[in-house]
Amino acid sequence: MNSEHSKDYSDLDRIRIEEGAEKCRETFGEVLRRSPRQAAALLNDDRLMFTTLYILHLQRPHPRVQRYLSPRNMIAVGIALQIRNPRTKRADALSSGNESVQSALRWILDTGSPEEIQEDFYEEILDVAVSVLLRAYKDADALPPAVGLLFSRNRNERCIHDLVWSLFRFHDPRVLRLIAERIRSANQEDAALATELLNIEELGLSGKGDRESRYSRYIRWLEENQPYLYFTDESFQCSSNPAFADVDLERKYLQREPNSCERQPLVLAKEEEKGCLNSFKRLSCRKQRALSEYSQRLRSRNIQAWQKWLRLPVDEQLRAAKAGSEEEK
Amino acid sequence: MIVISGSPLQLPDFTPKYPPNSVERLLLVQMSESGKSYRFDSPEQLRFELQLRSAIVDASKSLSRSGLRFEVFHKSECNPEYWNRSGSGGFRLKEGASPAAAIRDIFKNGKKYATECATAMVIVYFGALLNVFGEEAFNRLFPSIYLMNWHGLPSLLKEVGSLREVADILPGDRCYFRNPDVDPKTPEMQGENVIVLTDGKYYGHGVGIAGAEKIIRLLNLSREKDSQQSAYFVENSAGRPNFKRLAAAYGTQTAAVQPSA
């Protein structure tokens with residue numbers, strides 16, 4: 001939510017925040033008894049937060065206000081119904097390509113995530129909002145609140161698996177950067193989750209030092225590898241320790257950048273390059289990593305030297321890489 | 001090829017112990033005909049793997065008949081007599097409850113439970129281990145159980161949480177069907193974890209016992225509009241428990257319950 005407006009609460013939000021959910025329900029109930037139209041007007045307030053709509057109308061819908069609800073609230077009601085009874089046939093409240101749906105989903109995420117209610121139904125609505133915003137609407141602006149939601153939910157020991165899946169399915173290194181910010185969090189749960197999701201230990205980046213140095217190490221690694229990074233589509237559904245993103249070492253070795261963050265097979269025209277790659281593929285993962293890193297460093301320093309090095313047999317490349325790395329130390 | 005203590009296994013010496021068409025016999029034939037060498041330290045170690053793989057197949061069939069329902073974690077359900085439902089939707093063994101009785105209850109009263117496909121796979125493993133180890137050893141080896149997809153696996157089972165490249169897909173393996181273009185509204189249909197049975201069949205929770213074609217067809221029903229990519233079976237990739245470590249644990253446990261001479 002925009003911080004400038006955070007103090008500009010609607011009447012119902014103010015009651016919920018200052019006096020609690022029960023008082024808010026009571027007040028709304030009194031207005032509803034007098035005038036459903038007036039009750040709906042309170043819900044239709046542009047400033048209303050999703051959390052308040054949820055406790056007043058989605059947990060237990062009031063049929064009398066339904067017909068007076070604004071399009072935004074009607075969409076939210078439709079989404080909630082769809083999630084509550086997924087097997088019931090009805091019009092798709094989340095159909096893509098519809099600006100009003102996207103706007104309602106953003107409202108749900110932006111105003112519903114700062115004070116997430118720890119209820120499965122509420123969380124499922126938020127999960128679907130994130131998933132549809134990122135995949136169907138390609139809404140990159142939803143990334144920061146979605147990452148915020150992921151970490152706050154993790155702190156509450158609630159289910160994060162679908163949020164994680166949606167974020168990595170977006171196939172965008174910005175997700176890695178947003179998560180990386182939490183490596184330097186003072187909150188241990190945040191730092192531990194960031195470390196797990198970014199595979200910091202498997203990448204050999206945990207090492208010594210404080211939070212800031214771990215963060216800097218990861219950012220340096222990301223900057224070096226981002227051109228060759230791809231998203232694996234692994235998830236917690238298929239693995240206990242998924243590697244969500246990885247480096248295409250073959251492309252890094254030959255310095256061939258792909259045009260997206262998806263793994264793309266290398267198409268090589270020159271026999272020389274094909275032979276080079278075949279020898280590279282037979283190496284252990286550790287040696288592949290060492291060669292690809294050296295290749296990148298050498299090319300950035302001296303392109304002629306790099307071209308000459310790449311023409312050497314792979315054993316000699318390895319020797320040169322070892323000698324070069326020791327010199328750099 | 002099967003190699004025991006450095007020597008190739010003579011199949012005719014081993015197969016008669018198992019009925020024709022049994023899971024064990026099929027495994028022996030498939031492993032012997034493979035280009036990969038399956039190495040064992042002793043015949044007992046091989047027998048244990050055959051027994052456990054067969055038990056995994058049996059447990060899959062039992063679970064598919066148990067009435068266990070498919071639900072996402074936000075809607076998961078368990079029998080509170082044995083389990084506490086966690087905030088994440090997983091099932092944690094209740095303090096004081098018998099691990100064996102709690103696992104058996106899922107197979108017996110499946111209708112009281114609802115969960116996603118990965119958790120069902122873990123339940124299959126526990127069911128199989130209970131059958132092989134027996135109640136006493138099972139309770140000693142798995143005193144606390146948390147059932148939530150591949151999270152919180154006990155160290156004796158941690159390998160099943162990762163898919164690794166394998167030369168052969170064998171009965172009792174855990175495999176995966178991926179649905180890359182899944183509809184974002186149904187993340188639970190992003191894929192299907194399965195246990196490999198025999199005759200080209202798989203057990204997947206929510207799908208039941210089916211061939212690859214049916215599983216792919218069902219996953220394809222939950223794709224996003226205008227999808228161009230079908231769901232598919234992830235080839236040459238399987239999750240397997242560390243049979244040798246489990247065999248060692250089994251040996252220790254059975255020795256522990258044998259009366260001393």
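As a basis for the values below, the full set of heavy atoms in this structure was taken, side chains included, without hydrogen atoms, waters or symmetry mates. A, B, ... follow the sequence lines: proteins, then strands. Residue 1 opens every chain.
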Output all residues satisfying side-chain contact (heavy atoms from CB on, under 4.5 Å) with B:Leu130, sequence neighbours left out; order by chain, then residue number. B:Ala100, B:Ile103, B:Arg104, B:Phe138
Is atom NZ of B:Lys111 surrounded by more than 12 heavy atoms (other residues, nucleotides or ligands) closer than 6.0 Å? no
Pairs meeting criterion salt bridge (Lys or Arg N to Asp or Glu O under 4.0 Å) with involvement of residues 281-290 of chain A, two or more places apart: none
Aromatic rings A:Phe236 and B:His151: how do their planes relate, parallel, tilted or perpendicular, breaks at 30° and 60°? perpendicular
Minimal heavy-atom distance between A:Arg135 and B:Asp181, with the atoms involved, is NH2-OD1, 3.6 Å
Taking atom CD as the centre, does A:Gln264 end up with more than 12 heavy-atom neighbours from other residues, nucleotides or ligands that are less than 6.0 angstrom away? yes
Please classify the contact between B:Val72 and chain A as side chain, backbone, both or neither, with a heavy-atom cut-off of under 4.5 Å. side chain
Against chain A, label B:Asp226 side chain, backbone, both or neither, depending on which of its atoms sit under 4.5 Å from a heavy atom there. neither
Does NZ in B:Lys201 sit with more than 12 non-hydrogen atoms of other residues, nucleotides or ligands closer than 6.0 Å? no
Audit row: B:His74, A:Ile125, side-chain contact (heavy atoms from CB on, under 4.5 Å) steps and yes/no: CA-CA 10 Å; B:His74 286 302; A:Ile125 295 172; over 6 Å; no
Contact class of A:Asp127 relative to chain B, heavy atoms under 4.5 angstrom: side chain
Engaged part of A:Gln237 at the chain B interface, taking heavy atoms whose separation is under 4.5 Å: both
Ordered numerically, the heavy-atom neighbours of chain B under 4.5 Å found in residues 238-248 of chain A are A:Cys238, A:Ser239, A:Ser240
side-chain contact (heavy atoms from CB on, under 4.5 Å) between B:Met148 and A:Cys159: does it pass, once the steps are laid out? CA-CA 10 Å; B:Met148 196 206 170; A:Cys159 192; 3.9 Å; yes
Pairwise distance CD(A:Glu123) to CZ(B:Phe73) - rounded to 0.5 angstrom: 13.5 Å
Interface moiety of B:Arg85 toward chain A, non-hydrogen atoms closer than 4.5 Å: side chain
Are there over 12 heavy-atom neighbours, none belonging to B:Gln229, within less than 6.0 Å of that residue's CD? yes
Report yes if the side chains of A:Arg169 and B:Gln190 come closer than 4.5 Å at any heavy-atom pair, otherwise no. no
Could you tell me the separation between the CD atom of B:Glu71 and the CG atom of A:Asp120, rounded to the nearest 0.5 Å? 11.0 Å
For residues 182-189 of chain B, which side-chain donor-acceptor pairs fall under 3.5 Å, sequence neighbours excluded?
unit_1, atom_1, unit_2, atom_2, d
B:Asp183, OD1, B:Lys185, N, 2.9
B:Asp183, OD1, B:Lys185, NZ, 3.3
B:Asp183, OD2, B:Lys185, NZ, 3.2
B:Lys185, NZ, A:Asp92, OD2, 3.0
B:Thr186, OG1, B:Asp183, O, 3.2

Heavy-atom pairs under 4.5 Å with chain A are the metric here; pick the option from B:Glu116, B:Arg174, B:Met121 that has the most. B:Arg174
Using a 6.0 Å cut-off, check whether atom CD of B:Glu235 has over 12 heavy atoms from anything other than its own residue. yes
Please say whether more than 12 non-hydrogen atoms of neighbouring residues, nucleotides or ligands are located less than 6.0 Å from NZ in B:Lys94. yes
Around atom CZ of A:Arg155, are there more than 12 heavy atoms of other residues, nucleotides or ligands at under 6.0 Å? yes
